[in-house]
Amino acid sequence: MALRSSITRRILSSSSPVHGSRSISSWWKHVEPAPKDPILGVTEAFLADPNPDKVNVGVGAYRDDNGKPVVLDCVREAERRIAGNMNMEYLPMGGSNKMVEETLKLAYGDDSDLIKDKRIAAVQALSGTGACRLFADFQKRFSPDSQIYIPVPTWSNHHNIWRDANVPQRTFHYYHPESKGLDFASLMDDVKNAPNGSFFLLHACAHNPTGVDPTEEQWKEISYQFKVKGHFAFFDMAYQGFASGDPERDAKSIRIFLEDGHLIGCSQSYAKNMGLYGQRVGCLSLVCEDEKQAVAVKSQLQQIARPMYSNPPVHGALVVSTILSDPDLKQVWLKEVKGMADRIIGMRSALKENIEKLGSPLSWEHITKQIGMFCYSGMTPEQVDRLTNEFHIYMTRNGRISMAGVTTGNVEYLAKAIHEVTKGA
């Protein structure tokens, strides 16, 4: 034994622990810390602030009027029914068929001929982010020379998703900073000037981060021009029901494109409208020419998912399918999602009124004209920095206010702080 140990020590001491010219101990020395996520970093800073009056209007997660996270009554009831009664076996690669079936009805309509004719290829996805990523990989695999047109601005993670799928990105005009509304003329010019058959990312409702949506008539014009140019529309619908309080109304943009005969793609998420943020439950769907094509497309989506995460989680899918397949429970959900939307709409009015009462020289009409979880305030990064440093109010530096974080208890304080940093503008 002693001899063996001695030999081992001599071998180790005479061997250089290198791979090529690199020491084993330095495999990851070249790795630098990743930049903080512009959204999630806000919460980190907020949590580290000991000030008792701090306000977080940065992250897009719903809060009640006491600033507390919410679990919907319909979700609690669904979980009561699930508990002890359902197994937790693997789902198929495409996820829960029941959940997908109910989800498609929300986007395409209960009486959709596309559903009846089995022309939609759809799979359960890891919320909206996962659905977008699945589609980005599908686009790269089956349209390798294509690029994606993304609105300016957009949810910051959209750029990460298509970048990591190695899909080249272009941008198109969307927001008009001076009017704090839609730059429709420039948007249409970009649609017309893009090469025929281009891929476009569109927000179905409650555009993130601006809260600015096209009108119904503008959607019709956009759809018409897409038809002329042969463009492909991929809708990210993260806020159905959460924008106006009516899921049918919030799906209007998609329905307009479908009426015009487009073969669209759609990402859906239940993070916001059911409060299932941590369950990561969503759906990716692609409208196809016929049932045979839909079967082929779905098989390829599943094949992309297999090495990525194998199959999606089961619990959130059970919650969603339990709620949407039970008429009474679905009515509870519809009432609750309208309640969430109405509270945010009410906070928009309250914030605008409180700023105006202070005698602000600026127009704040855009607060109530915009829709959904976010208000694109128009504040500069420097003004946002002042809000954080002087008033302990946290938001992303692009001036995006998460209206879900505004309550009757903090709206007056928030208005005073906004007035203070903007009155000299």
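Sequence positions, counted from 1, serve as the residue numbers for this chain. A quick note: this is a predicted structure, and the numbers were derived from the prediction, not measured.
- Aromatic pair Y277/Y62: ring centres not closer than 6.0 Å.
- Between H158 and H203, the distance from one ring center to the other falls under 6.0 angstrom.
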Walk me through it: do N311 and R306 pass the test side-chain hydrogen bond (donor to acceptor under 3.5 Å, both in side chains)? CA-CA 7 Å; N311 42 47; R306 177 60 170 158; over 6 Å; no

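- Taken to the nearest 0.5 Å, the CG atom of N354 stands 12.0 Å off from the OG atom of S360.
- At least one side-chain heavy atom of W155 sits less than 4.5 Å from a side-chain heavy atom of T129.
- For Y270 and T103, the side-chain atoms include at least one donor-acceptor pair closer than 3.5 Å.
- In this structure, the ring of F257 has its center less than 6.0 angstrom from the ring center of F226.
- In this structure, a donor-acceptor pair under 3.5 Å is absent between the side chains of Q370 and T210.
- For the pair T388/F46, no side-chain contact is recorded, criterion being any heavy-atom separation below 4.5 Å from C-beta on.
- For E382, the CD atom sits in a packed shell: over 12 heavy atoms of surrounding residues, nucleotides or ligands are nearer than 6.0 Å.
- Using a cut-off of 4.0 Å between Lys/Arg side-chain N and Asp/Glu carboxylate O, K416 and E412 are scored as salt-bridged.
- Considering only heavy atoms from C-beta on, S112 stays 4.5 Å or farther from L104 through its side chain.
- For K352 (side chain) and T368 (main-chain N/O), no donor-acceptor pair under 3.5 Å exists by modelled atom type.
- S253 places a side-chain heavy atom less than 4.5 Å from the side chain of F235.
- Salt bridge absent: E102 and K330 never bring a charged side-chain N and a carboxylate O closer than 4.0 Å.
- Under 4.0 Å is where a charged nitrogen must lie from a carboxylate oxygen, and between D246 and K338 no such pair does.
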Applying side-chain hydrogen bond (donor to acceptor under 3.5 Å, both in side chains), run through Q139 and W162 and close with a yes or a no. CA-CA 10 Å; Q139 178 186 348; W162 269 270; 3.2 Å; yes

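- In the displayed structure, K369 atom NZ is contacted under 6.0 Å by at most 12 heavy atoms of other residues, nucleotides or ligands.
- A salt bridge links D326 with R81; the closest basic N to acidic carboxylate O contact falls under 4.0 Å.
- Counting only N and O atoms by type, the side chains of N51 and H392 include a donor and acceptor under 3.5 Å apart.
- Side chains of H262 and S223: a donor on one and an acceptor on the other come within 3.5 Å.
- In this structure the side chain of M373 reaches within 4.5 angstrom of the side chain of F242, judged on heavy atoms.
- A salt bridge does not link E365 to K180: none of the charged nitrogens lies less than 4.0 Å from a carboxylate oxygen.
- Heavy atoms from other residues, nucleotides or ligands lying under 6.0 Å from OH of Y309 number more than 12.
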Test log, rule salt bridge (charged side-chain N to carboxylate O under 4.0 Å, His left out), inputs R397 and D385: CA-CA 7 Å; R397 294 186 79 237; D385 289 343; 2.8 Å; yes

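- Counting only heavy atoms from C-beta outward, the side chains of S269 and D236 never approach each other to under 4.5 Å.
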With side-chain hydrogen bond (donor to acceptor under 3.5 Å, both in side chains) as the test, would you mind laying out the steps for K229 and N196 before giving the verdict? CA-CA 5 Å; K229 294 287 294 184; N196 290 353; 2.8 Å; yes

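- Less than 6.0 angstrom separates the ring centroid of F172 from the ring centroid of F200.
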Please walk me through it: do K357 and E353 pass salt bridge (charged side-chain N to carboxylate O under 4.0 Å, His left out)? CA-CA 6 Å; K357 279 194 300 186; E353 290 165 9; over 6 Å; no

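- D183 and H173 share no side-chain donor-acceptor pair at under 3.5 Å.
- Minimum interatomic distance between A294 and A121 (heavy atoms only, all atoms of both residues): O-CB, 3.3 Å.
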Step-by-step side-chain contact (heavy atoms from CB on, under 4.5 Å) determination, Y149 to F232: CA-CA 10 Å; Y149 280 80; F232 181 87; over 6 Å; no

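- Remark: the backbone N or O of L414 is not paired with any side-chain donor or acceptor of H419 at under 3.5 angstrom.
- The pair E44-K36 meets the salt-bridge criterion, with a side-chain N (NZ, NE, NH1 or NH2) lying under 4.0 Å from an Asp/Glu carboxylate O.
- Between the side chain of Q240 and the backbone N or O of P247 there is at least one donor-acceptor pair closer than 3.5 Å.
- Salt bridge status for K220 with E217: present, with a side-chain N to carboxylate O gap under 4.0 Å.
- Contact check on K68 versus D64 returns no salt bridge, with no Lys/Arg side-chain nitrogen under 4.0 Å from an Asp/Glu carboxylate oxygen.
- Looking at heavy atoms from C-beta onward, L126 lies in side-chain contact with P312 at the 4.5 angstrom threshold.
- For Y175, the ring pair (Phe, Tyr, Trp, His ring centres under 6.0 Å) test picks out Y376, with sequence neighbours left out.
- With V55 as the partner, the side-chain contact (heavy atoms from CB on, under 4.5 Å) test is satisfied by one option alone out of Y394, F391, Y413: Y413.
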D137 vs R133, test: salt bridge (charged side-chain N to carboxylate O under 4.0 Å, His left out). Steps then yes/no. CA-CA 6 Å; D137 280 356; R133 180 56 195 267; 3.2 Å; yes

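- Between I161 and N157 there is a side-chain heavy-atom pair separated by less than 4.5 Å.
- For D65 and R343, the salt-bridge test passes: some basic side-chain N is under 4.0 Å from an acidic carboxylate O.
- Side-chain atoms of R163 and N160 form a donor-acceptor pair, as typed in the model, at a separation below 3.5 Å.
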